[in-house]
A.B. asks: 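Okay, handing you the structure first.
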Amino acid sequence: MVCAANFNRSMQAHSVLAGANLNVKSYGAGRAVKLPGATKDDPNVYPFDEITYEDIAADLRAQGAEHVKEFERLGMFEMLSRNAEIKPKPERWQTHSGKEQFDVVVCFEERVFDLVIADLKSKGGNSEAVLVVNLDVRDSHRDSLEAAPQALRLCQALEASEDWECEVDEILDAFETQEGMRPLYSVCYF
């Protein structure tokens, strides 16, 4: 599961897929973890792979009562608590993607989809196919709650297939009929 910051969309999907006993990992593909700040022009920015979700929560709580209220309204502390139960810190796709084999990568934003494909192509040369799918989801707490079960249903449909490479179009057609959206996809060799 890959979103920009490994904070909201990918972590909600990670939680739901793990709860369904699927083998799942999650990442962010942006340059840093960017979260809302005091103003739109002043986000909170944290490095991937270095700061824990608990440290991010502590930093946000230290920003004053007015900001803490806004962070609570946005559901950020709830998300941070969920994230810390899953893994200690946000991880960056580009740092970890060459270390493990994946069958399916689900992205939640077209820009992230493009970054993942570019990264896979730069590390290509192997003969193992990986399906990269994009479910375009707005980066809000509510939208991530709705998208995670969709990602689960898509992964379950792919897992139920004996040969997803030959059946991917049919699987995505059925997904489109059921969910009302047609995901972008690409097959890359990893």
Side-chain angles (χ1 to χ4, degrees), residues 1-30 48 53 79 82-121 123-124 126-190:
M1 303 295 115
V2 186
C3 67
N6 197 205
F7 182 80
N8 181 21
R9 297 167 290 182
S10 63
M11 289 302 293
Q12 181 63 35
H14 187 150
S15 176
V16 168
L17 271 70
N21 295 317
L22 292 179
N23 184 10
V24 61
K25 301 263 183 175
S26 61
Y27 302 94
F48 279 109
Y53 290 114
M79 288 185 268
R82 173 206 58 212
N83 296 355
E85 289 179 16
I86 295 170
K87 63 184 189 177
K89 57 189 171 185
E91 297 173 282
R92 189 166 189 245
W93 167 263
Q94 293 87 336
T95 306
H96 296 277
S97 63
K99 299 176 184 175
E100 295 187 59
Q101 178 66 41
F102 301 100
D103 297 323
V104 177
V105 178
V106 178
C107 303
F108 294 95
E109 179 179 334
E110 192 169 346
R111 178 181 64 90
V112 170
F113 175 79
D114 293 341
L115 289 170
V116 166
I117 289 174
D119 181 69
L120 287 171
K121 285 182 178 179
K123 295 174 180 168
N126 293 331
S127 60
E128 294 296 320
V130 59
L131 175 64
V132 184
V133 179
N134 185 60
L135 303 177
D136 212 22
V137 178
R138 195 169 61 94
D139 192 6
S140 75
H141 188 49
R142 190 185 94 227
D143 288 342
S144 71
L145 291 171
E146 293 174 7
Q150 291 176 319
L152 173 62
R153 289 188 289 273
L154 175 61
C155 290
Q156 287 172 327
L158 290 164
E159 185 148 309
S161 170
E162 294 199 20
D163 187 3
W164 66 259
E165 287 182 74
C166 291
E167 299 172 356
V168 67
D169 285 322
E170 291 83 8
I171 292 167
L172 293 178
D173 286 345
F175 181 84
E176 180 179 19
T177 299
Q178 179 182 2
E179 306 295 338
M181 74 163 82
R182 175 73 177 194
L184 292 174
Y185 80 92
S186 180
V187 178
C188 298
Y189 291 88
F190 186 54

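Numbering starts at 1 and runs along the sequence shown.
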A.B. asks: Is there a side-chain contact between Val132 and Cys107 (heavy atoms, below 4.5 Å)?
C.D. replies: yes

A.B. asks: Who pairs with Leu115 by side-chain contact (heavy atoms from CB on, under 4.5 Å), at least two apart in sequence or on another chain?
C.D. replies: Ala29, Gln94, Arg111

A.B. asks: What is the minimum heavy-atom distance between Ala5 and Pro90, and which atoms define it?
C.D. replies: O-CB, 4.0 Å

A.B. asks: Between the main-chain N or O of Val137 and the side-chain N or O of Asp143, is there a donor-acceptor pair closer than 3.5 Å?
C.D. replies: no

A.B. asks: Test Asn6 against every option in Lys87, Lys89, Arg92, Met1 by the side chain to side chain contact (heavy atoms under 4.5 Å, CB included) rule and name the one that passes.
C.D. replies: Lys87

A.B. asks: In Å and rounded to the nearest 0.5 Å, what is the CE to CE distance from Met11 to Met79?
C.D. replies: 11.5 Å

A.B. asks: Is it the case that the side chain of Asn134 and the backbone of Pro183 share a donor-acceptor pair, with hydrogens and angles ignored and the cut-off at 3.5 Å?
C.D. replies: no

A.B. asks: Set out, in order, the CA-CA distance, both residues' side-chain angles and the distance that settles side chain to side chain contact (heavy atoms under 4.5 Å, CB included) for Trp93 and Leu120, then state yes or no.
C.D. replies: CA-CA 10 Å; Trp93 167 263; Leu120 287 171; 3.9 Å; yes

A.B. asks: Answer yes when Asp103 and Lys25 have at least one side-chain N-carboxylate O distance shorter than 4.0 Å, and no when they do not.
C.D. replies: no

A.B. asks: Give the ring-plane orientation class for Phe7 versus Tyr53, where under 30° counts as parallel, over 60° as perpendicular and anything between as tilted.
C.D. replies: tilted

A.B. asks: Tell me whether Glu109 is salt-bridged to Arg9, with the criterion being a basic N under 4.0 Å from an acidic carboxylate O.
C.D. replies: yes

A.B. asks: Distance-only criterion, 3.5 Å: show the donor-acceptor pairs between side-chain atoms of residues 12-21 and protein atoms not counting sequence neighbours.
C.D. replies:
residue : atom : partner : partner atom : Å
Gln12   : OE1  : Arg82   : NH1          : 2.6
His14   : ND1  : Ser26   : OG           : 2.7

A.B. asks: Check step by step if side chain to side chain contact (heavy atoms under 4.5 Å, CB included) holds for Cys188 and Ile117.
C.D. replies: CA-CA 7 Å; Cys188 298; Ile117 289 174; 4.1 Å; yes

A.B. asks: Is any side-chain heavy atom of Val133 less than 4.5 Å from a side-chain heavy atom of Phe175?
C.D. replies: no

A.B. asks: Does any N or O in the side chain of Asn8 come within less than 3.5 Å of the main-chain N or O of Ser140, such that one atom is a donor and the other an acceptor?
C.D. replies: yes

A.B. asks: Would you call Phe108 and Ser144 a side-chain contact if the rule is heavy atoms closer than 4.5 Å?
C.D. replies: no

A.B. asks: Using side chain to side chain contact (heavy atoms under 4.5 Å, CB included), reason through Thr95 and Phe48 one step at a time and then give a plain yes or no.
C.D. replies: CA-CA 9 Å; Thr95 306; Phe48 279 109; 5.9 Å; no

A.B. asks: What pairs of donor and acceptor atoms, side-chain ones from residues 149-163 against any protein atom, are under 3.5 angstrom apart with sequence neighbours left out?
C.D. replies:
residue : atom : partner : partner atom : Å
Gln150  : NE2  : Glu179  : OE1          : 3.2
Arg153  : NE   : Glu179  : OE2          : 2.5
Arg153  : NH2  : Glu179  : OE1          : 3.1
Arg153  : NH2  : Glu179  : OE2          : 3.2
Ser161  : OG   : Asp163  : N            : 3.1
Ser161  : OG   : Trp164  : N            : 3.1
Ser161  : OG   : Glu167  : OE1          : 2.4

A.B. asks: Work out which heavy atom in Phe102 is nearest to a heavy atom in Tyr27; give both atom names and the distance.
C.D. replies: CZ-OH, 3.7 Å

A.B. asks: When rounded to the nearest 0.5 angstrom, what distance separates CZ in Arg182 from CG in Leu172?
C.D. replies: 5.0 Å

